[in-house]
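The structure under discussion appears below in the form of C-alpha cells.
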Amino acid sequence: MSASSLPKTFEPSAVEDRVRRMWEEGGHFGASAAAVKGGGEPYVIVIPPPNVTSVLHMGHGLNNTIQDVLIRWQRMRGKVALWVPGTDHAGIATQNIVERQLARTGRTRHDLERRDFERLVWKHVEATGDRIIGQLKAIGCSCDWDRTRFTLDPGLSRAVREMFVRLYEDGLVYRGEYIINWCPRCLTALSNEEAEGAEAEGSLWRLRYPLAAGHDRAAHRSRAAGAQTVGTLADGRWCITVSTTRPETMLGDTGVAVHPDDPRYAPLVGTEVELPLAGRTIPIVADGHVSPDFGTGMVKVTPAHDPNDFEIAGRAGLDVVNVLTETGAMNANAPEAFRGVDRFVARRLVLDALRAEGLLAGTDPHVHAVPRCYRCDTVVEPRLSEQWFVRMQPLAEAALEGAREGAVAFSPDRWTKVYARWMEGIRDWCISRQLWWGHRIPVWYCRDCKGAMACRENPEACELCGGGALEQDPDVLDTWFSSWLWPFSVFGWPDDSPDLRAFYPGHVLSTAPEILFFWVARMIMAGYRAMGEAPFARVYLHGTVRDARGRKMSKSLGNGVDPLEVVALYGADALRFTLLAGAGVGADIRLDHEDLEATFAPGRNFVNKLWNTGRFAVMSVGDDPIPPLADVRSDLALEDRWILSRLQRAIRRVDCELDAFRMQGAAEALRDFVRGDFADWYLESVKDRLRPDGYRRAAARSVLAHVLGSSCRLLHPLVPFVTEELWTVLPRAETAEAGEGRPLVAARWPTPDPDSVDAEAEAEFGRFKELIGLVRGLRKEYGVGEGGRVVIHLVGGASGFANLRGGLLERLARISSLESTAAPPGEAGASAVLSDGTELFIPLTGVVDVAREVDRARGEIERIENLLEGIEAKLANSKFLTRAPAAVVEREREKLASCKLQLTKWKRKLTSLGGGE
RNA sequence: GGGCGCUUAGCUCAGUUGGUCCAGAGCGCCUGCCUUACAAGCAGGAGGUCGGCGGUUCGAAUCCGUCAGCGCCCA
C-alpha cells in the first residue's frame, strides 16, 4: 500500500466493518472440541448473558472489553480460546416490556390466553434479540458467534428441567409458605434484586397497645426495671409502645417481641396485650433478633407481612394472619371497616382510628429504604405465599470449600470474604415467579389423587394413581435458575458432550460485583453439584461505571454514555482503550457524559498516535524486503539495541499485568512503550537512517518493522481494529514467529527474548536522553528557539557516548556541533551537569545573562547539597548500614558519589562566573 | 446495626512484597514550535506537606491505630 492512501488520522468507521467481516469470515473466533482433543490447551470464558431485549450500556462495554482482551491475548498465545456468547430471557424484564406494549392497547396479559401471550413475547424477542449481539460485535468482541445461546433454547431448557428434577428428587426443592417480595401490580413474587430499595422520607409512628388484664404486677416490675415506654392510658390501663413505618399492618400483628436479655421487658415476657382495632389478644415473646436499642426495644410482630417477623413467629410459635389481598388491599381478616381498602388509604384510616382511641403516641420523621418493583416502581409488599424453594445449605458446602482452598479465586481478593460470609449464612432460594415468560416449573399435580410430581418429560398420566387429569404448576422459574447452569448448559449438559469435556471447566468469569450472590455464587454451587467442580478458576469483579459526579449511570438519571455513540464518534478502539486505561483492578470508572470529547480523548489520541507510527513506517521503510532481525543482529546501532531491550520489558510487563487483570497497567505499559520509547525516541533517532544511503539502513528497517509489528501484536487485544488494519499494511519481515500471511487476530503473541535484553545499551541511551533533555531545557530557558542552532561543549570529553553514532546528537538536540573540551571555555554561556558528572556548556554570548547563570548555579548547588545532606545522614547512621539490604546501601553510596561530583562541577562553575565566595 | 472500600497535581487515576519508577501518567493549563508520521502532534514548564493526627521502622504514599469526609454491600 502506498503512503498516500493512508489517511493522516485513523478513520475507524472506514475500517471497523471491513476488519470485523474479515475476522468473522475467516472463522478466527471459533474454537472446537476437536482442537482440544488434538492436544490444544483450552481457555474458556462464558459471557455473562445480557438481557435479550437490552441495549448495550457502558457496563457491558467495560466488562466485554475486558473479556475480549483476555480472550484475544490467550488466543494469540496459542490457546484454544473460546468465548461463548449468548443472551438471557430475563423473565420479568422482558415480560414487562411486552405488557407495556399491550397496555397501550388497553389490555393486560390476562386478556390473552397464556400461550398467545408467550407467543407475543417470543415475537418481541425475535425482533430485538439480535440487537445486543450486534452491539457486542461493534465493540470488537471476538466471541464464537456460532455458539450463541439463549437461556430459553431447547437445550438449555432441558438443562433447567434436569437440574430441577434432580434437586427435587434429592429433596432439595420444596414448596412452602414464605414471605417474599410481592409486586401488587405485576402480581408476582420478586427476587431481592428485583425489589430495589430507594431511600425515602417517611414516618415512624409510635403505637400504644394496652396490656391485657391481670398483668399489672408485671407492668410495675417492668417500669421498675427502667421501661419508660410502659405507661398508662387515660382509662388507667397499662400499655406498651411499639414503632412502625407501616401502621396498617398492625391489623395482622400476632405478637410483640422483646430481646430475651433486655431487663426492662423481662417481666412482661409471657404476658399479653390487646391488639387495638382488631379485638384480639396477642402474646409478648422474647426473641434474640430484636434490637433493644432500636425504637422502644419492643417490636410488633406481623408474620404475614414482614420476613423478620415471620421468622420470629416461627421460633415463638405465633399465629400468622394475612390481612392483605394480592393487589394490596385489606382482606377479610381485617376488621370490617377496613376491608377492600387500599393499603395506603388503610394506613390513614388505621392512624385516625388509633388517634381517636388515644393509642397513637406520636410520630417521628424517618428515612428508610422503601423497596419498589424495579419494573413498574410500585411499592413492594412483603407477602406470605406459597412458593418453590431450593435448599441451599447442602449446595453451599462444596462451593464454600472450593473458595477456601483456592479452586475459585476472586479478584480483587476482598470479594472472597464477602462470598464466604454470604455462603455461610445462605438462605433458601425462592425460585418460583408468577409470570408467564420463562421456564415453567416442571411439576404436575394430579386432580385425582392430589399428588405432585416433577418430570423431565411432560407426563401423560399420574405416576401415583395413573390418572390423566394432570395440571402443570402455573409458575415459572426465576431467571437465575437458568443462568446458574450457564457455564455447562451452553455445552450441552446434561449430555456428556465433546464440548462439555473439552471446555468445562472454564477459566475466567468477569462480571459486576452486584451479581456476586445472584449469579456467581450460584454458578459455583451448580458447577460443583452438577459437574463436581467449579465452573471457572478465577472470578474478576470489575468496577461500576459512573458519571462525572460519581453517580451510577442509569436510564432514569439520563447520565449514561452510549458505547455505540462513542464508537460512532471515536471508534471502538478509542472506547476500549479509554475504558481499559481508566479501570484499576475492580475500581469504579468515571466518565463524563456531558463531554465525550474530553472523556475519550486518551483513547482516541493514543490510537491515532499508533496509527501514525504505522503510517511513518509505511512511508519511510521503502519497498525492499525487510531482513529478519536475526540477519542484522551483528549490525545494530545503539538505538536499535536500546529499543529492542525496551521491547523486552514491555512484553514481560504486559503479560504480567494481563495475568493479574491489571488492564490499566497493560494499557499504561504499552502507551509508555509505543509513545515514550518507540515514537518519541526510536523513530526520531532512525529517521536519517531510513534514507536510501542511510547508516546501517538494513538494521534500522528490520528493527523498526520488528518493533512496530511486536507493538501491534501486544496492543491487539486492547485495540484490535487499528492494529489489525496496520498489520495488513505494515512492511514486515516474513518470519515464522509472527505467522506469515495470517491476520493479526491469529498471529502469535510476542515471546520474551533474553538475548535482546541489553542493560548497557539502556544505560548508555539513557545518558544520551539525559543530555538531550538538558540541552533542550537550556535552550528553552534562554529562548534559543528551535530554529537557532548552537554549539555544545562536553567538558572532559564525551566518553559516556562512545557508541553513539555521529550526527544523532546533533540532529535530536538541534545543535550545529559538539565539541569535547578539557576545560569550560571562558566565554559567556549556559551550563548543566549530567548525573555522571559530565559538564555541558553552551556558549551563548549576548544571550546569557551572567547574573542569571549565577542564580541557576546557586540554585543547583543548594538543591544538591540538600540531597547530599540526606544521603550522608543515612550513610552515617549505623543502624541503616546494618539493617538495610546491601543493595540499598550501595545505591545510596552511588548517589552520594554522583552528587558530590555534580556539586564539585557546579561550585567550580560558580567560581568561574565570579559568584563564588 | 454489621461488613467492605475509597481519600495522591485543577480533573480522572497509577503507585505490586516499606528503600531506582517514590512523588508518577493521561486530560486540562502555561510557553515555544504547522521540524515532509501524527496540531488527535512535538519540545519545554508550572502544579501535590500522598485527607488529619499518632505509632511501628534505620527508612512510610505504602504497615498499625485513630479521627474526618465520601461510597458500596448485608441486615
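Side chains included, hydrogens not; waters and symmetry mates left out as well; all remaining heavy atoms used. Within every chain, numbering begins at 1; the chains are lettered A, B, ... in the order of the sequence lines, protein sequences first and strands thereafter.
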Salt bridge flag under 4.0 Å for residues A:Glu860 and A:Arg863: yes

Could you run down the sub-3.5 Å N/O contacts of the protein with nucleotides 63-65 of chain B?
none

Pairing pattern in dot-bracket form [Watson-Crick, G-U; both distances under 3.5 Å; | = partner strand] for RNA chain B: (((((((..((((.....[....)))).(((((.......))))).....(((((..]....)))))))))))).

By nearest atom, which of the nucleotides B:G5, B:G26, B:A37 is closest to the A:Arg671 side chain? B:G26

What's the CZ-C1' distance between A:Phe577 and B:A14, to the nearest Å? 13 Å

Say you pick atom C1' in B:U49 and the same atom in B:A23; how far apart are they, in whole Å? 12 Å

Which part of the nucleic acid, if any, lies within contact of A:Leu683, taking any heavy atom under 4.0 Å across all strands shown: a base, the sugar-phosphate backbone alone, or nothing? base

Which atom pairs link the protein and nucleotides 15-19 of chain B when you take only N or O atoms and keep those under 3.5 Å?
residue: B:U16; atom: O2; partner: A:Arg662; partner atom: NH2; Å: 3.3
residue: B:G19; atom: O2'; partner: A:Arg891; partner atom: NH1; Å: 3.4

Taking the side chain of A:Ala587 as its heavy atoms from C-beta onward, which of B:C38, B:C4, B:A14 lies nearest to it? B:A14

Mind checking A:Arg604 for me? I need base, sugar-phosphate or nothing, with any heavy atom below 4.0 Å counting as a touch. base

Any non-hydrogen side-chain atom of A:Phe616 less than 4.5 Å from a side-chain atom of A:Leu708? no

Nearest-angstrom distance, P atom, B:C67 to B:C21: 35 Å

Measure from OH on A:Tyr419 to C1' on B:G3 and round the result to the nearest Å. 18 Å

Indicate whether OP1 or OP2 belonging to B:G41 is found under 4.0 Å from a side-chain N or O atom of A:Asn605. yes

Please name the residue in the list A:Leu591, A:Val566, A:Val545, A:Ile66 that meets the side-chain contact (heavy atoms from CB on, under 4.5 Å) test with A:Leu579. A:Leu591

Tell me if the side-chain of A:Lys780 makes a donor-acceptor pair with the base of B:U31, cut-off 3.5 Å, by modelled atom types. yes

Roughly how many Å apart are B:G48 and B:C13, using the C1' atom of each and rounding to a whole number? 14 Å

Looking at every strand, decide which applies to A:Glu684 at a 4.0 Å heavy-atom threshold: base, sugar-phosphate, or nothing. base

For atom P, what is the distance between B:C53 and B:A68, given to the nearest Å? 15 Å

Mutual orientation of the aromatic rings belonging to A:Trp642 and A:Phe765 [parallel < 30°, tilted 30-60°, perpendicular > 60°]: parallel

Can a salt bridge be assigned to the pair A:Arg421 and A:Glu424 using a cut-off of 4.0 Å between side-chain N and carboxylate O? no

Candidate nucleotides B:A40, B:A37, B:A43, ranked by approach to the side chain of A:Asp680 - the nearest: B:A43

Counting any heavy atom closer than 4.0 Å, what does A:Gly582 reach on the DNA or RNA strands: base, sugar-phosphate only, or nothing? nothing

Say you pick atom C1' in B:C29 and the same atom in B:C38; how far apart are they, in whole Å? 22 Å

Tell me which of A:Glu894 and A:Phe606 sits closer to the 5' end of RNA chain B, going by the nucleotide each one is nearest to. A:Glu894

Of the candidates B:A43, B:G5, B:A37, the side chain of A:Arg414 sits closest to B:G5

Would you please confirm or rule out a distance under 4.0 Å between OP1 or OP2 of B:U35 and any side-chain N or O of A:Lys687? no

So, is A:Arg421 near the phosphate of B:G3, with a side-chain N or O under 4.0 Å from OP1 or OP2? no

Counting side-chain heavy atoms from CB outward, which of B:A75, B:C21, B:A37 is closest to A:Arg615? B:A37

Could you tell me how far B:U56 sits from B:G5 if I compare only their C1' atoms? Round to whole Å. 24 Å

Please confirm whether the ring centroid of A:Trp611 lies under 6.0 Å from the ring centroid of A:Phe10. yes

C1'-based separation of B:U7 from B:U12 [nearest Å]: 14 Å

When the nearest nucleotide of RNA chain B is assigned to A:Gly550 and to A:Arg427 on a heavy-atom basis, which residue is associated with the more 5' position? A:Gly550

Under 4.0 Å, counting only non-hydrogen atoms across every strand here, what does A:Asn608 touch: a base, just sugar-phosphate, or nothing? base

For the residue pair A:Tyr682 and A:Phe678, does the interplanar ring angle fall in the parallel (under 30°), tilted (30 to 60°) or perpendicular (over 60°) class? parallel

With sugar-phosphate meaning primed atoms plus P, OP1 and OP2, does A:Lys8 contact a base, only sugar-phosphate, or nothing at under 4.0 Å between heavy atoms? sugar-phosphate

Mind checking the P distance from B:G2 to B:C50? Whole angstroms is fine. 32 Å

